[in-house]
Number of protein chains: 2
Amino acid sequence: MDEPGRPSADAMTNPRADRVREVAKLAGRSGRLKRRQFFVEGPQGVREALQAHRDCLDAGGSPVVEAVYATVECLKRHDELLELVHHPGSRLQVRIASDMVLSAMTDTVTPQGIVAVCNFVDVPLAEVLAARPKLIATLCRVQDPGNAGTVLRAADAAGADAVIFTSSSVDIYNPKAVRSTAGSLFHLPVVRGVELADVVAAAREAGIGILAADGYGLLNLDLLQDESAARAFEQQIPDAQYALEDPTLWLFGNEAQGLAGEEKALADHRVAVPVYGRAESLNLGTAATVCLYASARAQRRAE
Amino acid sequence: MDEPGRPSADAMTNPRADRVREVAKLAGRSGRLKRRQFFVEGPQGVREALQAHRDCLDAGGSPVVEAVYATVECLKRHDELLELVHHPGSRLQVRIASDMVLSAMTDTVTPQGIVAVCNFVDVPLAEVLAARPKLIATLCRVQDPGNAGTVLRAADAAGADAVIFTSSSVDIYNPKAVRSTAGSLFHLPVVRGVELADVVAAAREAGIGILAADGYGLLNLDLLQDESAARAFEQQIPDAQYALEDPTLWLFGNEAQGLAGEEKALADHRVAVPVYGRAESLNLGTAATVCLYASARAQRRAE
């Protein structure tokens with residue numbers, strides 16, 4: 001038996017081997033759902049996956065990473081990855097593979113030298129809400145995997161407590177989406193496959209306000225930020241609209257059409273990000289960034 | 001002769017025709033530089049180009065659009081485009097072309113039914129600075145055309161007065177970059193092919209402060225925003241660092257490495273966008289959005 005954490009002697013060189021095909025199947029949604037697994041490519045993503053794996057096992061949880069495949073060259077360049085695999089009790093080993101094998105696994109022309117097969121990391125909605133979150137981003141009908149990953153990464157940067165993908169959104173375990181998260185997929189709880197109406201009802205029950213990001217919204221985000229700043233300076237605010245300091249769940253819609261009428265109707269307020277220039281609209285990543293940072297800033301100032 | 005603005009009778013159906021090849025050459029940098037022209041695809045981009053063309057001619061300027069090629073189906077779906085072409089004095093006509101011709105022109109698998117050949121729209125740096133700008137975004141060594149376009153669009157939304165691409169940045173007339181701007185390329189002045197040191201020297205001479213967006217910066221953007229809010233509420237601020245209300249030129253660096261040491265050294269301050277969560281860094285679009293919106297908000301509140 002191979003020593004755990006050490007590169008195994010028998011390097012994988014056959015791109016048509018069964019095991020390679022099994023990993024490659026995780027590029028498709030049905031393959032992922034069948035095994036409840038996905039893959040992460042490249043040193044940065046795999047490092048975050050291995051750290052999450054270590055933290056999860058240390059906390060008595062179940063393994064995040066199931067297998068790691070890498071070229072010798074990649075391991076030489078990134079010895080921190082081997083160290084992570086070596087973590088006591090990680091029960092992992094690195095299988096050495098050729099570039100052609102990694103390329104066949106991930107269907108990329110320029111493989112990044114390392115691939116980790118991971119178990120699904122999403123959690124139930126109830127678990128997220130039980131942790132008394134202050135800031136949640138919810139994506140409705142977002143179609144582009146790159147956009148989904150970018151918003152997840154921005155939500156991580158803004159210190160959001162969770163990101164929710166409704167059942168009509170692209171699969172966050174799509175390889176392109178995973179790549180766009182730059183590791184953030186392993187940083188904060190992710191919920192998927194839920195219906196928007198259920199999310200909103202449960203969040204409201206938990207005392208969380210619901211804001212819809214809507215270019216046509218009557219409420220301007222600047223007004224909410226001004227109100228929040230005024231409270232910080234202990235000014236009186238007559239007719240305040242909504243306290244950005246309060247626990248908030250933001251709804252973001254499809255990249256081309258935004259939120260649908262029935263989706264907006266579920267929110268407490270429809271909030272427009274101001275467009276100061278002549279742009280017709282903001283792209284999804286820009287709008288989500290401005291909204292989440294506005295909430296994060298108001299909440300942190302009020303702490 | 002064809003009636004200006006009317007679809008001409010002789011539809012283009014040969015994807016190997018000389019004129020098709022001439023347009024296709026604009027997909028490459030050298031082809032664009034030789035003719036000082038680029039192309040815009042799709043109804044939204046072409047609409048913005050035609051509006052800029054009309055506004056420019058009305059103001060006594062030179063034509064923006066040189067030629068428009070479209071399918072009959074696209075013109076039927078978007079009659080506002082024909083109306084724009086019909087503008088008195090636009091001296092344009094739409095050439096009807098087949099999908100195969102448009103596909104050959106733009107090298108896209110799914111052509112969007114309309115293409116406009118445009119003259120370069122960038123302006124000299126001196127012209128931008130003479131207009132007493134308050135907010136400018138400068139991109140240094142940005143490599144991905146999609147990122148360049150996204151930042152230009154975010155700068156437009158934030159009401160920036162200009163966007164500058166230094167000579168080491170990707171060409172903003174690259175078709176993918178043009179597409180990512182979603183028309184914003186025609187909304188605000190763009191400067192290109194300038195050296196960063198020259199930009200900074202000229203901006204400083206014009207009384208504009210220089211801020212470098214830098215994840216390792218000692219100055220936190222939140223602090224600058226708090227100072228700005230405090231001034232708005234007429235509070236005393238001992239040891240204020242920088243007034244976001246003042247005219248500002250932001251420097252944004254390469255998407256992977258950020259700004260280089262010698263680039264940061266040109267700035268008055270290095271400003272970090274706060275990362276509240278566990279994300280290692282922000283992506284370029286997110287960072288630029290937060291910085292530009294912070295400036296825009298401070299400046300508008302102070303007006």
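Letters A, B, ... mirror the listed sequences (proteins, then strands); counts begin at 1.
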Below 4.5 Å from any heavy atom of chain B, which atoms of [X] appear? Answer side chain, backbone, both or neither.
{"X": "A/Asp226", "answer": "both"}
{"X": "A/Gln225", "answer": "both"}
{"X": "A/Thr286", "answer": "both"}
{"X": "A/Ser281", "answer": "both"}

Identify the heavy atoms of [X] and [Y] that sit nearest to each other, and give their distance.
{"X": "A/Arg278", "Y": "B/Asp156", "answer": "N-OD1, 2.9 Å"}
{"X": "A/Ala158", "Y": "B/Tyr276", "answer": "O-CD1, 3.5 Å"}
{"X": "A/Ala279", "Y": "B/Ser184", "answer": "CB-OG, 4.1 Å"}

I need the residue from [options] with the largest number of non-hydrogen atom pairs under 4.5 Å to chain A.
{"options": "B/Ala232, B/Gly159, B/Ala157", "answer": "B/Ala157"}
{"options": "B/Ser180, B/Ala154, B/Ala230, B/Ala288", "answer": "B/Ala230"}
{"options": "B/Thr289, B/Leu188, B/Val273", "answer": "B/Thr289"}

Does B/Val170 have any side chain to side chain contact (heavy atoms under 4.5 Å, CB included) partners at least two apart in sequence or in another chain, and if so, which? B/Pro145, B/Ala148
With sequence neighbours left out, write down each residue that passes side chain to side chain contact (heavy atoms under 4.5 Å, CB included) with B/Ala131, or none if nothing qualifies. none
More than 12 heavy atoms from other groups under 6.0 Å of [atom1] on [X]:
{"X": "A/Glu80", "atom1": "CD", "value": "yes"}
{"X": "A/Asp55", "atom1": "CG", "value": "yes"}
{"X": "A/Asp58", "atom1": "CG", "value": "yes"}

With sequence neighbours excluded, what pairs up with A/Arg54 under the salt bridge (charged side-chain N to carboxylate O under 4.0 Å, His left out) test? none
Atom pair CD/CZ of A/Glu280 and B/Arg153 - distance to nearest 0.5 Å: 8.5 Å
What parts of residues 293-303 of chain A touch chain B if we use heavy atoms and a cut-off under 4.5 Å? A/Tyr293, A/Ala296, A/Arg297, A/Arg300, A/Arg301
